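In what follows, a single structure is set out as structure tokens and then discussed.
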Number of protein chains: 2
Amino acid sequence: MTVAINNINIKSLEAFRAIIQTGSATAAGKQLGLTQPGISRLLALLEEHVGFQLFYREKGRLIPSDEALALVKEVELTLNSVERISLLAKNIAQSNLGLLKIVAPNSFIAGPLAEAVASFLQEHPQVNVSLDTHSPERAREIVARRSANCGFIQLPENHPGLICESIITSGTVCAISRQHRLAKNKKITPKDLDNEDLILLGKGRYSRQQIESIFRKKNISMQVKVETHTVAIACTFAKMNVGIAIVNELLAKQYEAKGLVLVPFSPAIKHEYGFIISAHAPMNRLTQSFYQHCKAYFSSNVSAL
Amino acid sequence: MTVAINNINIKSLEAFRAIIQTGSATAAGKQLGLTQPGISRLLALLEEHVGFQLFYREKGRLIPSDEALALVKEVELTLNSVERISLLAKNIAQSNLGLLKIVAPNSFIAGPLAEAVASFLQEHPQVNVSLDTHSPERAREIVARRSANCGFIQLPENHPGLICESIITSGTVCAISRQHRLAKNKKITPKDLDNEDLILLGKGRYSRQQIESIFRKKNISMQVKVETHTVAIACTFAKMNVGIAIVNELLAKQYEAKGLVLVPFSPAIKHEYGFIISAHAPMNRLTQSFYQHCKAYFSSNVSAL
DNA sequence: ATTGTGGTATTACAAATTGTTATAGGGTGG
DNA sequence: CCACCCTATAACAATTTGTAATACCACAAT
């Protein structure tokens with residue numbers, strides 16, 4: 001061990017401040033939950049460190065010297081600064097602070113994620129969120145290189161720089177106008193859709209391929225009336241009875257309304273979303289907290305699907 | 001002893017900063033003059049205190065977490081603040097800093113004190129000085145109640161609220177025009193001054209009473225041509241051969257010039273100045289330092305008088 | 001494959017620090 | 001004079017803070 005009488009001690013500083021504040025070592029001890037001799041020693045230590053008397057002893061009392069009064073302001077600033085560290089640490093520990101950058105498909109944000117984020121923000125009022133949408137390829141890159149904290153993406157997913165956890169699963173429904181003759185069906189099969197006008201989206205995507213392959217297997221040709229890119233638009237056209245949209249139930253849910261009915265598509269096609277983070281580094285606490293929140297949220301609120 | 005794992009430790013903070021700065025615990029140890037296990041433990045302590053991991057351990061290396069990066073700025077501010085305390089303490093210890101309030105008679109400031117203060121300021125460049133003049137009574141009050149740090153005053157002095165140390169003694173001289181017939185005398189006695197025009201000052205003051213009593217004893221009447229209040233004016237009139245001034249040698253010294261000669265007055269009358277401080281509190285370090293400086297200065301530079 | 005280098009964590013131990021209680025002594029007011 | 005309130009100090013226990021020794025991992029160069 002070294003000989004250094006070197007380092008300033010926070011406790012000494014606290015004792016010093018407390019003596020100045022209360023006017024006596026005994027009272028300072030009470031304030032700090034220490035005994036008077038303890039305070040006395042902390043003070044002696046500090047005096048040894050600064051190299052001069054901080055109090056002169058008159059009639060057995062401690063009277064602050066001019067030097068002490070000059071020093072105490074700086075000491076108070078320092079102690080406040082230390083307290084700020086504690087406070088900041090507490091906030092970080094509770095994920096009460098910071099910026100959470102999320103990437104997710106627009107439809108996912110508009111659909112299930114919106115409320116999940118909203119409730120998370122309610123629990124962590126000082127947190128800021130940035131929500132961005134990119135192509136799936138770009139989203140993967142952004143998360144892998146940690147330009148965003150996390151993302152939501154449709155499975156399957158096997159990017160080597162990503163860790164992916166399945167977070168929610170959804171079925172497939174036909175969005176269909178209430179006027180349509182099939183609107184009262186319990187389910188709709190490809191056979192039912194033979195010769196029907198269809199509204200499809202996501203050309204080239206995995207989910208679209210699944211649909212196409214099912215029709216191919218049953219040897220039913222698809223009559224695509226409208227080709228679009230968003231669930232919202234597909235549902236809008238379906239509602240206007242332009243045709244029948246085959247869409248992700250989870251994303252379509254919010255557009256179910258007076259004129260629009262959602263009927264399960266058979267055979268079942270599963271859409272699965274994953275929560276992705278970079279494989280290069282563990283989640284930070286805020287992201288972890290958000291992940292836990294989403295898991296809980298999606299398993300309780302959307303399990304009915 | 002309490003169980004509290006409570007208080008933040010400055011050393012932990014330093015270790016933390018050093019790890020972030022250098023990138024490894026080993027290097028941090030080198031920087032702080034500690035061993036790697038020491039750093040490792042300080043870090044573990046801090047992590048326990050803040051409640052979350054500051055670094056994740058990857059391939060045996062320490063990689064700062066997002067939380068650590070958020071915290072380190074605040075930590076640096078705090079450490080800077082601690083360093084400021086050390087610096088301030090050092091400056092205070094060396095009396096390099098602060099305001100020194102001095103009261104002294106104008107003639108004393110203009111005379112011997114000016115250079116003493118000037119050389120003190122040269123040694124303590126960051127010190128500021130306030131010089132004020134008051135009546136002797138008021139000066140005593142001001143110092144006693146600590147509105148000034150110290151003062152210089154002519155003895156005798158026995159104010160109960162003051163501590164007084166004799167600091168310099170001076171003789172009495174006749175300031176006399178070179179033209180005057182007595183200018184070549186080795187000394188001047190009251191008898192020499194019989195029927196001479198005199199210039200006197202400080203009516204009612206102790207030193208004036210001493211002069212008057214000497215003349216009275218020798219039964220020589222004084223012919224006071226000019227009554228004034230400052231040595232400077234008395235010497236000015238003497239130089240113009242209006243009369244002979246009987247003045248404090250120490251204060252008159254600086255007016256000695258071509259046309260003005262200072263001749264010792266006999267019998268000797270001593271003028272003694274004291275350094276006064278309040279009896280209610282000890283000198284602060286700056287005042288002590290100044291006191292030491294003055295003692296040394298007056299004993300070496302002015303002992304020839 | 002093996003070895004050297006450079007990193008971390010853990011253990012066991014020594015020294016210093018930090019707290020305690022007990023005690024002595026000064027000053028003040030009833 | 002005594003009770004009371006203050007401070008300083010001593011003696012001691014617990015905790016903290018340092019060290020050296022060691023084990024382990026990853027990587028680069030034989």
Side-chain angles (χ1 to χ4, degrees), chain A residues 1-50 52-65 68 82 279-282, chain B residues 1-50 52-65 68 82 279-282:
Chain A
M1 214 162 183
T2 54
V3 206
I5 318 221
N6 203 334
N7 264 317
I8 286 195
N9 196 317
I10 290 187
K11 285 179 193 160
S12 301
L13 297 181
E14 280 178 331
F16 172 51
R17 176 175 65 174
I19 297 173
I20 297 256
Q21 279 175 357
T22 62
S24 87
T26 309
K30 210 161 286 176
Q31 193 186 72
L32 298 180
L34 297 182
T35 56
Q36 169 267 321
I39 297 289
S40 220
R41 261 225 320 227
L42 286 174
L43 174 59
L45 256 171
L46 184 61
E47 286 185 330
E48 184 177 10
H49 183 267
V50 299
F52 51 86
Q53 290 226 160
L54 292 165
F55 296 82
Y56 50 96
R57 279 69 172 173
E58 194 175 270
K59 301 176 183 171
R61 303 300 166 101
L62 294 172
I63 318 259
S65 66
V82 171
H280 302 318
Chain B
M1 213 163 184
T2 55
V3 206
I5 318 221
N6 205 333
N7 266 318
I8 286 194
N9 196 316
I10 290 186
K11 285 179 191 158
S12 300
L13 297 181
E14 280 178 331
F16 173 50
R17 176 175 65 173
I19 298 174
I20 296 257
Q21 277 175 358
T22 62
S24 86
T26 309
K30 210 160 287 173
Q31 194 185 72
L32 298 182
L34 297 182
T35 56
Q36 171 267 321
I39 297 289
S40 221
R41 262 225 319 227
L42 285 174
L43 174 60
L45 256 171
L46 184 61
E47 285 186 330
E48 185 177 10
H49 183 267
V50 298
F52 52 86
Q53 290 227 156
L54 291 165
F55 296 82
Y56 51 94
R57 279 70 171 172
E58 193 176 87
K59 300 174 184 173
R61 305 298 165 102
L62 294 171
I63 318 260
S65 66
V82 171
H280 302 319

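In the text below, chain A, chain B and the rest are named by the order of the sequence lines, each starting its count at 1. Just so you know, these numbers come straight off a predicted model, no measurement behind them. Side chains are part of it too, since the values below use all heavy atoms of this structure and drop only hydrogens, waters and symmetry mates.
In plain terms, the two heavy atoms of Ser65(A) and Gln53(A) that are nearest each other are OG-O, 3.3 Å. The shortest non-hydrogen separation linking Ala27(A) to Ser24(A) is N-OG, 3.0 Å. Among all heavy-atom pairs drawn from Ile10(B) and Ile8(A), the shortest one is CD1-O, 3.5 Å. Heavy atoms only, all atoms of each residue included: Ala28(B) and Ala15(B) are closest at CB-O, 4.5 Å.
Comparing Gly38(A) and Leu62(B) by the nucleotide of DNA chain C that holds the closest heavy atom to each, the one mapping nearer the 5' end is Leu62(B).
Salt-bridge check for Arg41(A) with Glu47(A): failed, with every basic side-chain N at 4.0 Å or more from each acidic carboxylate O.
Atoms CD1 (Ile10(A)) and P (dT18(C)) sit 12 Å apart, rounded to a whole Å. Look at CD on Glu48(A): it is 15 Å from P on dA8(D), rounded to the nearest Å. Atom CD1 of Ile8(B) is separated from atom P of dT17(D) by 13 Å (rounded to the nearest Å). The NZ-P distance, from Lys11(B) to dA16(C), rounds to 12 Å in whole Å. In this entry the distance linking CZ of Arg57(B) with C1' of dT10(C) reads 13 Å, nearest Å. Summarising the geometry, the separation between CG on Leu45(A) and P on dT9(D) is reported as 13 Å, rounded to the nearest angstrom. Put simply, CG on Leu34(B) is 18 Å from P on dT16(D), counting in whole angstrom units. Note: CD1 (Ile63(A)) to P (dA8(D)) measures 12 Å, nearest angstrom.
Between dA8(D), dG19(C), dA9(C), one nucleotide has an atom nearer to the side chain of Leu42(A) than all others, and that is dG19(C).
The only member of Val50(B), Leu46(B), Leu45(B), Ile39(B) that meets side chain to side chain contact (heavy atoms under 4.5 Å, CB included) when paired with Phe16(B) is Leu46(B).
Residue Asn9(A) places none of its side-chain N or O atoms closer than 4.0 Å to OP1 or OP2 of dT17(C). Side-chain nitrogen and oxygen atoms of Arg41(B) include none within less than 4.0 Å of the OP1 or OP2 phosphate oxygen of dG18(D).
Taking 4.5 Å as the limit, some side-chain heavy atom of Gln21(B) sits within range of a side-chain heavy atom of Arg17(B). In this structure, the side chains of Leu54(A) and Ile20(A) stay at 4.5 Å or more apart for every pair of heavy atoms.
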A correct 5'-to-3' footprint of nucleotides 20-30 of chain D, with B, S and - meaning base, sugar-phosphate only and no protein heavy atom under 4.0 Å, is BB----SS---
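Atoms CG and OG1, from Leu62(A) and Thr22(A) in turn, are 9.5 Å apart once rounded to the nearest 0.5 Å.
Within residues 18-27 of chain B, the residues that have a heavy atom under 4.0 Å from DNA chain C are, in order of number, Ser24(B), Ala25(B), Thr26(B).
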